[in-house]
Amino acid sequence: MSEIRKVRGFQDIYGENVKKYRYVVDTARRIFEKYNFQEIILPYVEDVSLFIRSVGEATDIVQKEMYIFEDRGGRKVALRPEGTASAVRAYIEEKLYTKGGYQKLFYEGAMFRYERPQAGRYRQFHQIGAEIFGVDSPIADAELIKMVKDILDNLNIQTRLEINTLGDFECRKIYVEKLKAFLKEREEYLCEDCKKRIERNPLRILDCKVESCKKITEDAPVLTDFLSDRSVERFEKIKEYLKGLDIDFVVNPRLVRGLDYYTDTVFEFITDKIGAQGTVAAGGRYDTLVKQLGGPDTPALGFAAGIERLMLLIDNIPEGKPLVVVIPVISEFNLQGLKVSQMLRNKGIKTELILKEGSLKSRMKLANKLGGKYVVFVSEKPELKDMSSGEQEIFQNLDDIIDVLEEKI
Ligand code: HAM
């Protein structure tokens, strides 16, 4: 029978990679908790219109990357391509705004986008992300960026931070008209995708990687010249705070992001070490989205980081707890082996009881392969072997071995 293979763009995460995955998530969680964010577990499936109305009708995600299907009840649903839309929906639907003050939420999990798979880009990938609802002050923008930087620093990942402001809704509207007029005059020189974007999503053209498009947009009007005083002031404050926090950044006026909901601040943490898919974490403000989706007028901001991309940048993860391997020397000691293993685990020691029977030599080999740091030989005269030094010691009884191990580990 023919072998069934995984679907293109999907991955099995196993072995060392799972350790890296957990290391990334655990590190992020620790930092989210330090910043007093609360976890929210959001559904993987949402009404497709949620993403059309938030991420944006004209974006690549909605145009060509969503996994959309009809469920058995005839509902048109999508596998979530990102987490912000769901967080906003939950904020409105669960009336989190009635809790007073502001809400700081974080999430973790799989996202789905039908993109062309390559290193660092998959059709199912995983994000850690956080959203803040109900804060207008630029303190929040600076603190959010600081939190992302903390996560990256804790993972020992070096990146460059790029920031930009897209201005508020009003100034962007004026700018987009100017940009459209500029691009229309030069339409024939744009790539096929960008030709279609002129009407639908002209800002995205600024972000196009095709050389001819890049060349044309070099002289395009820049948003900075159209910003309202309020937007300029906000951006200045954020820059001041970032400098005060010793966070290096560059202002990239071409940074626009691929989702429609952003207003004012946008940022990306980028690396050159993993090829073309260099953005490891990204986010910004979306002050109009909550209202746009039917909720109360609520400023908001957030970020998300791609776990797989972070994993690609991690060489070493701190060693876990040392492993103790238990080997009953002959089968008469199997039950005792089961019991000792349990006692060790009850003491919080990571323990592997060799489950295979056979020659002692073959089981020692297995202990080695499993990476055992200590081996307990269960017999009338139990022994403890330190695998790194090779030292082996005979004990009167197993309890003494347990005491020694508890001390060492
Ligand atoms: P995004 O830039 O679309 O933003 O995705 C955030 C991060 O997810 C990217 O920087 C990247 O690391 C990772 N990522 C995206 N697509 C893929 C893929 N196909 N394969 C692997 N990793 C990928 C958002 O999703 C926004 N929701 C961020 C946000 C939160 N803005 C405000 N709040």
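For this chain, numbers begin at 1 and follow the sequence in order. Atoms within each ligand, like the ligands themselves, are counted from 1 in listed order.
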Tabulate below the donor-acceptor pairs under 3.5 Å that side-chain atoms of residues 126-137 make, not counting sequence neighbours, or state none.
from: His126; atom 1: ND1; to: Glu308; atom 2: OE2; distance (Å): 2.6
from: His126; atom 1: NE2; to: Gln124; atom 2: NE2; distance (Å): 3.2
from: Glu131; atom 1: OE1; to: Tyr286; atom 2: OH; distance (Å): 2.6
from: Glu131; atom 1: OE2; to: Thr84; atom 2: OG1; distance (Å): 3.0
from: Glu131; atom 1: OE2; to: Tyr107; atom 2: OH; distance (Å): 2.6
from: Asp136; atom 1: OD1; to: Arg234; atom 2: NH2; distance (Å): 2.8
from: Ser137; atom 1: OG; to: Ile139; atom 2: N; distance (Å): 2.9

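- The contact set between ligand 1 and Leu259, taken as ligand atoms under 4.0 Å from a residue heavy atom, comprises 3 (O), 4 (O).
- The local environment of NZ in Lys237 is sparse, with at most 12 non-hydrogen atoms from other residues, nucleotides or ligands closer than 6.0 Å.
- Between Arg75 and Asp71, at least one side-chain nitrogen of the basic residue sits less than 4.0 Å from a carboxylate oxygen of the acidic one, meeting the salt-bridge criterion.
- Considering backbone and side-chain N/O atoms, Ala305 never comes within less than 3.5 Å of an N/O atom of ligand 1.
- For Val280, a nitrogen or oxygen atom sits less than 3.5 Å from a nitrogen or oxygen atom of ligand 1, counting backbone and side chain alike.
- Looking at Arg257 against ligand 1, only its side chain comes within 4.0 Å, counting heavy atoms.
- Considering backbone and side-chain N/O of Tyr107, none are found under 3.5 Å from N/O of ligand 1.
- Salt-bridge annotation for Lys19 and Glu16: present, with a side-chain N of the basic residue lying under 4.0 Å from a carboxylate O of the acidic one.
- Not close to ligand 1: Glu308, with no non-hydrogen atom less than 4.0 angstrom away.
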Side-chain atoms of residues 29-48: list all donor-acceptor pairs with protein atoms under 3.5 Å, sequence neighbours left out, distances to 0.1 Å.
from: Arg29; atom 1: NH1; to: Glu39; atom 2: OE1; distance (Å): 2.9
from: Arg29; atom 1: NH2; to: Glu39; atom 2: OE1; distance (Å): 3.2
from: Arg29; atom 1: NH2; to: Glu39; atom 2: OE2; distance (Å): 2.8
from: Arg29; atom 1: NH2; to: Glu108; atom 2: OE1; distance (Å): 3.4
from: Arg30; atom 1: NH2; to: Asn154; atom 2: OD1; distance (Å): 3.3
from: Tyr35; atom 1: OH; to: Asp150; atom 2: OD2; distance (Å): 2.7
from: Tyr44; atom 1: OH; to: Ala110; atom 2: N; distance (Å): 3.3
from: Glu46; atom 1: OE1; to: Arg89; atom 2: NE; distance (Å): 2.7
from: Glu46; atom 1: OE2; to: Ser86; atom 2: OG; distance (Å): 2.9
from: Glu46; atom 1: OE2; to: Arg89; atom 2: NE; distance (Å): 3.2
from: Glu46; atom 1: OE2; to: Arg89; atom 2: NH2; distance (Å): 3.0
from: Asp47; atom 1: OD1; to: Ser49; atom 2: N; distance (Å): 3.0
from: Asp47; atom 1: OD1; to: Ser49; atom 2: OG; distance (Å): 2.8

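- The option with the heavy atom closest to atom 23 (C) of ligand 1, from among Phe125, Phe267, Phe303, Tyr262, is Phe125.
- Of the N or O atoms in Arg113, one or more lie within a sub-3.5 Å distance of an N or O in ligand 1.
- For atom 25 (O) of ligand 1, the candidate residues are Gln127, Gln277, Arg309; the nearest heavy-atom contact is made by Gln127.
- Distances below 4.0 Å separate heavy atoms of Gly120 from the following atoms of ligand 1: 20 (N), 21 (C), 22 (N).
- The closest approach between any non-hydrogen atom of Tyr286 and ligand 1 is below 4.0 Å.
- The pair Glu240-Lys243 does not meet the salt-bridge criterion, since no charged nitrogen lies less than 4.0 angstrom from a carboxylate oxygen.
- With contacts defined as side-chain heavy-atom distances shorter than 4.5 Å, the pair Gln292/Tyr261 does not qualify.
- The two atoms that bring Phe226 and Ile174 nearest to each other are CD2-CG2, 4.1 Å, heavy atoms only.
- Look at Gly258 and you'll find every heavy atom at least 4.0 Å from all atoms of ligand 1.
- Between Tyr114 and the options Tyr67, Tyr122, Phe10, a ring-ring contact (aromatic ring centres under 6.0 Å, His included) holds for only Tyr67.
- Annotation: Ile61 places no N or O atom under 3.5 Å from an N or O atom of ligand 1; distance criterion only.
- Atoms of ligand 1 found under 4.0 Å from any heavy atom of Tyr261, numbered from 1 in the order shown, are 26 (C), 27 (N), 31 (N).
- Which parts of ligand 1 touch Gly283 is read off a 4.0 Å heavy-atom cut-off, strictly below it: atoms 31 (N).
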